[in-house]
Peer 1: 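First the structure, then my questions, so here it is.
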Amino acid sequence: MISGIFRIRNYLLFLNQMNTNKIASTIILLLFFCFTLQLSAQTKTTSDPNLRLWYDHPATKWVEALPVGNGRLAAMIYGTPAKEELQLNEGTVWAGGPGNNINPETGKAIPVIRQLLFAGHYEQAQKYANAHVHSTDNGMPYQPVGSLFIEFPGQEQYTHYYRDLNIGNATASVSYQVNGVTYHRTMFSSFPDQVIIVRLTADKPHSITCNLSMKSPQKHELSTNKDELILNGITGDHEGKKGQVKFVSLTKAVVNGGTLHSDSTQLFISNADTVTLYISIATNFKNYHDLTIDAEKKANHYLQEALTKPYDEALKTQIEAYHQFFNRVTLNLGVTDSIKNPTNIRLEQFAYDNDPQLVSLYFQFGRYLLISSSQPGGQPATLQGIWNNEMMPPWDSKYTININTEMNYWPAEIANMSEMQQPLFSMLKDLSVTGQQSARETYGAKGWMTHHNTDIWRITDPVDGAFDWGLWPTGGAWLSQNIWKHYDYSGNKTFLKDYYPVLKGACQYFADVLQPYPNSHWLVVAPSDSPEHEYTYDGGKQAAITAGTTMDNQIVFDLFSEMIAASHILNKDHAFADTLIAMRKRLPPMHIGKYGQLQEWMHDWDNPTDHHRHVSHLYGAFPSNQISPYHTPQLFEAARTSLIERGDVSTGWSMGWKVNLWARFLDGNHAYKLIRDQLTPLGGQDGGGTYPNLFDAHPPFQIDGNFGCTNGIAEMLLQSQDGAIHILPALPDAWKTGDVNGLCARGGFAVKEIAWQNGKITKLVIQSNLGGNCRLRVHNPLKEVGGVGLKEAKGINPNPFFQLPEIKEPIISPKAKLQSVILKKSYLYDLPTKAGKTYSFSALN
């Protein structure tokens with residue numbers, strides 16, 4: 001079968017070279033079909049040929065290589081015929097070792113900084129914080145294992161080249177022709193077998209001759225054992241912490257129809273029919289304070305278990321495991337001729353071509369990346385997911401928790417990948433332990449907290465000094481929102497009970513540290529900042545450290561509200577909940593400034609020409625639900641004004657956040673404009689964009705932009721935070737017809753299908769997993785198929801998962817000129833549902 005497919009493919013590629021681009025385009029589609037047939041024959045599964053990133057040349061840079069991963073093991077695949085490189089990562093390979101980063105001097109400085117802030121001496125407070133807030137270390141970098149090289153002598157000259165990443169099956173492939181022989185490589189990081197597998201084949205017998213070697217930037221030793229290539233290493237020292245993570249990489253070669261021999265550091269394979277490589281990597285990491293695992297034993301266990309399966313079975317079980325998550329959601333926005341082009345060409349042309357399928361591909365690529373970088377039992381996705389080739393990567397590739405780590409997990413619930421959050425939840429449990437030390441020693445408080453950055457060792461004190469990022473004590477509170485969000489979508493009380501102590505501890509910290517704001521009844525977080533942003537006051541003075549930022553007020557409001565609700569649901573800690581209710585009443589209201597903007601700070605310091613990448617004060621609009629077009633119109637308009645003033649062009653992750661905000665502002669065309677900006681090759685505009693392999697460009701690479709944009713696309717099609725399930729809330733004109741299947745809404749509702757034509761819903765299918773009232777907001781009238789329960793909605797939604805927050809009236813500057821909010825006409829329906837039942841709706845003529 002494989003040989004026949006290759007012969008068809010070679011003939012088609014010959015025609016490709018001899019004819020016009022139009023014929024070449026047809027050929028590429030046929031190639032997709034052939035590869036799909038081949039894979040289907042091997043695995044009895046199907047794969048959408050549209051779910052592929054593909055290229056007609058090898059990668060020459062890391063940001064052109066293609067990523068595979070199983071949550072723990074990752075590889076970046078270059079696809080060079082003469083010398084393949086698989087750049088390897090393992091999720092626990094970090095510099096340094098256990099230990100927090102607390103400096104007692106920071107705790108001594110906090111009261112002084114507060115005193116200066118409340119006296120209005122902001123610049124002095126900033127200088128004092130800069131001088132006195134320095135932790136013992138700034139966190140450890142996530143580091144690479146090294147690279148496996150597969151060298152093919154005599155294959156420097158090749159034709160008929162093709163490589164792809166099949167995100168429908170989580171496999172990568174490379175094929176090309178040398179001297180009339182077609183060579184093919186298939187590579188994947190196995191979810192069930194916990195090894196990376198590389199399959200080398202050719203369409204003529206005895207054609208595979210190659211040499212295997214490894215390199216690593218770490219301290220390491222290379223050796224061989226018959227048919228195994230072995231690398232033993234230890235991670236690097238950093239900022240006074242000795243590297244303590246020991247790792248072992250084993251590469252086993254299984255050769256059919258040829259010979260294999262080795263020297264002390266390489267394997268040599270000659271004249272083989274097929275070669276299958278099994279790459280197993282493990283470390284001594286057990287948890288953030290325990291490095292007692294036998295790395296070699298663990299790596300060998302994974303390897304020996306994987307070797308018990310024939311290759312075809314290993315590929316089949318890999319695809320089946322991946323499909324459990326990936327196949328839950330499909331998105332069809334239409335297909336044009338642009339799909340015939342390689343992915344890098346589609347990216348270059350997207351700004352002026354109609355290519356809706358590229359948006360679908362990018363959406364699904366984000367889902368692929370989260371499934372591949374965050375699996376239960378592993379570590380959370382870092383700033384670069386699980387893919388990194390540098391010993392000192394940008395921002396250490398740590399967990400930046402003033403936006404970036406949260407953004408990584410935005411699509412987990414709505415895009416039906418809830419299980420991918422388990423590593424994040426585990427990290428929250430760890431931080432709720434290590435963060436007690438920061439709460440106690442740095443702030444003199446009970447509970448737990450952490451600042452804007454952490455790492456695998458779960459550090460919790462400021463990172464990189466104070467300035468406009470480090471002295472931000474609200475990171476743990478923001479991360480904790482994921483606990484409530486998961487409950488909000490799943491209704492899982494067992495989960496809520498398990499993580500309730502994490503929520504309670506975060507609340508205990510803020511109950512102790514909230515400070516009375518001078519000349520008011522308000523309670524505020526101080527010292528703090530609005531992440532990574534400075535303000536200008538008194539005619540030119542600048543500072544970042546302040547008290548009572550809008551974002552802090554919003555996050556603490558959400559945290560207290562969730563704890564109060566959890567206390568009621570679980571029937572415990574009622575006295576503490578009453579304390580939080582009283583304190584929540586004293587949180588400051590949001591302020592609308594003289595330009596009609598939502599103020600970022602307590603004072604009207606916003607600059608309407610400021611295009612800063614962070615839009616922290618808009619947290620209340622997204623990811624929170626405190627700002628609503630239907631229930632808080634003044635705040636809605638003010639937040640929208642702030643976003644307009646910040647502008648569209650920004651870093652890649654910031655554009656991803658803005659896609660979500662414009663979706664919440666119900667402006668699908670503006671959200672789509674940001675998607676077009678995001679899907680622009682780096683260098684094509686000021687700010688960020690996208691690399692050829694569809695990685696987000698900050699620049700450099702940060703994966704949060706991928707995840708943020710994936711969530712934004714979902715938010716354009718479905719929202720459930722504003723008291724109802726809102727169908728197609730921000731549909732752009734460019735997506736007139738399409739369908740999406742498998743998205744999730746709060747309250748345990750699975751939106752099995754949304755189909756629309758000319759912007760109007762034609763079919764809607766919803767499954768109720770928990771029962772209760774289903775309130776729908778739609779923009780064309782609907783009727784229930786085969787039922788009579790659908791009625792016009794009235795009053796407050798009785799479903800407890802759709803309760804709206806009680807938001808204080810904003811304080812509005814007398815200079816502000818607010819515009820009236822004009823909303824597209826909508827229809828609000830209620831439907832009583834039963835758990836486990838599915839309900840269908842169609843357009844009412």
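No hydrogens, no waters, no symmetry mates; every other heavy atom, side chains included, goes into these values.
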Peer 1: Going through the distances and angles, do W62 and N693 end up as a side chain to side chain donor-acceptor pair (under 3.5 Å)?
Peer 2: CA-CA 9 Å; W62 191 84; N693 63 0; over 6 Å; no
Peer 1: Is a donor on one side and an acceptor on the other found under 3.5 Å between the side chain of S280 and the backbone of Y302?
Peer 2: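 Not confirmed, S280 side chain does not pair with Y302 backbone.
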Peer 1: So, R613 versus T651: side-chain donor-acceptor pair below 3.5 Å or not?
Peer 2: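 Side-chain D/A pair, R613 to T651: absent.
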Peer 1: Does the K246 side chain pair with the main chain of D294, one donor and one acceptor, at a distance under 3.5 Å?
Peer 2: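 No, because the side chain of K246 does not come within donor-acceptor range (under 3.5 Å) of the backbone of D294.
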Peer 1: Working to the nearest 0.5 Å, report the span between OH of Y368 and CG of L361.
Peer 2: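 Atom-to-atom, Y368:OH and L361:CG are 12.0 Å apart.
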Peer 1: Quick one about Q421 and E413 (side-chain donor to acceptor, distance below 3.5 Å, no hydrogens or angles considered), yes or no?
Peer 2: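 Side-chain D/A pair, E413 to Q421: present.
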Peer 1: Below 4.5 Å, heavy atoms only, C-beta onward: do T690 and L682 meet side chain to side chain?
Peer 2: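 With C-beta onward as the side chain, the pair stays apart.
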Peer 1: In terms of side-chain heavy atoms, does N101 have a donor or acceptor partner in W457 at a distance below 3.5 Å?
Peer 2: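 No, because no side-chain N or O of N101 sits under 3.5 Å from a partner of the opposite role on W457.
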Peer 1: Among all residues two or more places apart in sequence or in another chain, which pass the side chain to side chain donor-acceptor pair (under 3.5 Å) test with Y487?
Peer 2: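 Counting only residues at least two positions away or on another chain, Y487 forms no side chain to side chain donor-acceptor pair (under 3.5 Å).
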Peer 1: I'd like to know whether R185 forms a salt bridge (Lys or Arg N to Asp or Glu O under 4.0 Å) with E85, so could you lay out the CA-CA distance, the side-chain angles of the two residues, the decisive distance to 0.1 Å, and finally the verdict.
Peer 2: CA-CA 12 Å; R185 306 170 191 165; E85 178 179 359; over 6 Å; no
Peer 1: Roughly how far, to the nearest 0.5 Å, is OG1 of T474 from OH of Y509?
Peer 2: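 The OH atom of Y509 sits 7.5 Å away from the OG1 atom of T474.
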Peer 1: Inspect the surroundings of NZ in K429 and state if more than 12 heavy atoms from other residues, nucleotides or ligands are less than 6.0 Å away.
Peer 2: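 Above 12, so yes.
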Peer 1: Side chains of E532 and N402: do they bring a donor and an acceptor to under 3.5 Å?
Peer 2: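 Checked: E532/N402 side chains pair up, N/O donor to acceptor below 3.5 Å.
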Peer 1: Between N169 and T171, is any side-chain donor less than 3.5 angstrom from a side-chain acceptor?
Peer 2: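 Checked: N169/T171 side chains show no N/O donor-acceptor pair below 3.5 Å.
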Peer 1: Not counting sequence neighbours, which residues clear side-chain contact (heavy atoms from CB on, under 4.5 Å) with I281? List them please.
Peer 2: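 With neighbours one apart ignored, the set is L73, L88, E90, V145, S249, I279.
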Peer 1: If only side-chain N and O atoms count, and only distance matters, is there a donor-acceptor pair under 3.5 Å linking R746 with Y489?
Peer 2: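 There is such a pair (donor and acceptor under 3.5 Å, judged by atom type) between the side chains of Y489 and R746.
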Peer 1: To check you understand the geometry: which heavy-atom pair defines the closest contact between A282 and A295, and what is its length?
Peer 2: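 Taking every non-hydrogen atom into account, CB-O, 3.5 Å.
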Peer 1: Checking side-chain polar atoms at under 3.5 Å, does S397 have a donor or acceptor matched by the opposite partner on Q384?
Peer 2: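 There is such a pair between these side chains.
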Peer 1: Assess the side chains of Q194 and R72: does a donor N or O sit below 3.5 Å from an acceptor N or O?
Peer 2: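 There is such a pair (donor and acceptor under 3.5 Å, judged by atom type) between the side chains of Q194 and R72.
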Peer 1: Given side chains that start at C-beta, do those of I293 and T283 come closer than 4.5 Å, heavy atoms only?
Peer 2: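 The answer is no, as the side chains (C-beta and beyond) never meet within the 4.5 Å cut-off.
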Peer 1: Taking atom types as modelled and ignoring hydrogens, do the side chains of T136 and N103 form a donor-acceptor contact shorter than 3.5 angstrom?
Peer 2: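 No - no donor-acceptor pair under 3.5 Å links their side chains.
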Peer 1: Answer yes or no: is there an ion pair linking K398 with D455, defined by an N-O contact shorter than 4.0 Å?
Peer 2: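 Result for this pair is no, no salt bridge flagged.
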Peer 1: For T235 and G243, indicate whether the former's side chain and the latter's backbone hold a donor-acceptor pair under 3.5 Å.
Peer 2: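 Side chain of T235 to backbone of G243: no pair is present.
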Peer 1: Just do the side chain to side chain contact (heavy atoms under 4.5 Å, CB included) check on I456 and Q379 with the steps written out, would you?
Peer 2: CA-CA 8 Å; I456 198 170; Q379 296 299 312; 3.7 Å; yes
Peer 1: For N232 and E296, does a side-chain donor sit closer than 3.5 Å to a side-chain acceptor?
Peer 2: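 The criterion, which ignores hydrogens and geometry beyond distance, is not satisfied for E296 and N232.
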Peer 1: With the side chain counted from C-beta on, respond yes when S480 and W448 share a heavy-atom pair under 4.5 Å apart, and no when they do not.
Peer 2: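 Sidechains of W448 and S480: in contact.
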Peer 1: In terms of side-chain heavy atoms, does Y619 have a donor or acceptor partner in D558 at a distance below 3.5 Å?
Peer 2: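 Yes - a donor-acceptor pair under 3.5 Å links their side chains.
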Peer 1: Any chance you could lay out the ring pair (Phe, Tyr, Trp, His ring centres under 6.0 Å) test for H614 and W653, step after step, and finish with the verdict?
Peer 2: CA-CA 10 Å; H614 280 259; W653 67 262; 4.8 Å; yes
Peer 1: Minimum heavy-atom separation for M420 to P376, with atom names?
Peer 2: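 The answer is CE-CD, 4.3 Å.
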Peer 1: With side chains defined as the heavy atoms from C-beta onward, is the minimum distance between F149 and M214 less than 4.5 Å?
Peer 2: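 Contact flag for F149/M214 side chains = no.
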Peer 1: Is any side-chain heavy atom of R367 less than 4.5 Å from a side-chain heavy atom of M417?
Peer 2: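 SC-SC contact between R367 and M417 confirmed.
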Peer 1: Using 0.5 Å steps for rounding, measure from the CE atom of M407 to the OG1 atom of T400.
Peer 2: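 One finds 11.5 Å between CE of M407 and OG1 of T400.
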Peer 1: Looking only at side-chain N and O atoms, does D464 offer a donor or acceptor that is under 3.5 Å from a partner on N453?
Peer 2: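 Checked: N453/D464 side chains show no N/O donor-acceptor pair below 3.5 Å.
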Peer 1: Under a 3.5 Å threshold, yes or no: a donor from one side chain and an acceptor from the other, between D164 and S173?
Peer 2: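 Indeed, the side chains of D164 and S173 share at least one donor-acceptor pair under 3.5 Å.
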Peer 1: If I take atom CG from residue L303 and atom NZ from residue K298, how far apart are they, to the nearest 0.5 angstrom?
Peer 2: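 Those atoms lie 14.5 Å apart.
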Peer 1: Are the aromatic ring centres of F701 and Y691 under 6.0 angstrom apart?
Peer 2: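 Ring-ring flag for F701/Y691: false, centres at least 6.0 Å apart.
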Peer 1: Determine, using ring centers only, whether W410 and F622 are less than 6.0 Å apart.
Peer 2: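 Under 6.0 Å, so yes.
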Peer 1: Minimum heavy-atom separation for A477 and I555, please, with both atom names.
Peer 2: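 Between these two residues, the closest heavy atoms are CB-CG2, 3.6 Å.
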Peer 1: Determine whether the aromatic ring centres of F425 and H486 lie less than 6.0 Å apart.
Peer 2: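 Yes, close enough.
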Peer 1: List the atom of A172, the atom of I77, and the distance in Å for their closest heavy-atom pair.
Peer 2: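 That would be CB-CD1, 3.8 Å.
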Peer 1: Establish, yes or no, whether a centroid distance under 6.0 Å links the rings of Y409 and F707.
Peer 2: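 Aromatic pair excluded; centres sit 6.0 Å or further apart.
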Peer 1: May I ask you to check whether Q422 and S426 show a side-chain donor-acceptor distance below 3.5 Å?
Peer 2: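 Indeed, the side chains of Q422 and S426 share at least one donor-acceptor pair under 3.5 Å.
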Peer 1: Work out which heavy atom in P623 is nearest to a heavy atom in W478; give both atom names and the distance.
Peer 2: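 Scanning both residues, the minimum pair turns out to be CG-NE1, 4.0 Å.
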Peer 1: Tell me if the aromatic rings of H451 and Y443 count as close, with their centers under 6.0 Å from one another.
Peer 2: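 Aromatic pair counts; centres sit under 6.0 Å.
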Peer 1: Taking the side chain as everything from C-beta on, heavy atoms only, tell me whether L229 gets closer than 4.5 Å to L148.
Peer 2: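 L229 vs L148: side chains touch.
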Peer 1: If you count every heavy atom of other residues, nucleotides or ligands that lies below 6.0 Å from E221 atom CD, does the total exceed 12?
Peer 2: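 No, the 6.0 Å shell around CD holds no more than 12 heavy atoms from other groups.
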Peer 1: Find the distance between CH2 (W387) and CD1 (I703) and round it off to the nearest 0.5 Å.
Peer 2: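 W387 CH2 to I703 CD1: 5.0 Å, rounded to 0.5 Å.
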Peer 1: State the OH-CD1 distance between Y362 and I167, to the nearest 0.5 angstrom.
Peer 2: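 It comes to 12.0 Å.
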Peer 1: Would you call E64 and Y78 a side-chain contact if the rule is heavy atoms closer than 4.5 Å?
Peer 2: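 Counting from C-beta outward, E64 and Y78 never come under 4.5 Å.
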Peer 1: Centres of the W395 and H698 rings: under 6.0 Å?
Peer 2: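 Yes; H698 has its ring centre under 6.0 Å from that of W395.
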Peer 1: Any heavy-atom pair between the side chains of I414 and C744 that's under 4.5 Å?
Peer 2: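 C744 vs I414: side chains apart.
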Peer 1: Decide whether Q143 and W94 meet the rule of one side-chain donor and one side-chain acceptor closer than 3.5 Å.
Peer 2: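 The criterion, which ignores hydrogens and geometry beyond distance, is not satisfied for W94 and Q143.
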Peer 1: Flag yes if more than 12 heavy atoms outside K446 fall under 6.0 Å of its NZ atom; otherwise flag no.
Peer 2: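 Atom NZ in K446 is not crowded, with 12 or fewer foreign heavy atoms closer than 6.0 Å.
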Peer 1: Looking only at heavy atoms, what is the nearest atom pair of T317 and A314, with distance?
Peer 2: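 Nearest heavy atoms, T317 then A314: OG1-O, 3.1 Å.
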Peer 1: In a check of side chain to side chain contact (heavy atoms under 4.5 Å, CB included) between T434 and each of D461, T460, I102, which one passes?
Peer 2: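 The side chain to side chain contact (heavy atoms under 4.5 Å, CB included) with T434 is passed solely by T460 among D461, T460, I102.
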Peer 1: Tell me yes or no: between the side chains of H289 and D430, is some donor less than 3.5 Å from an acceptor?
Peer 2: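 No, no side-chain donor-acceptor contact under 3.5 Å.
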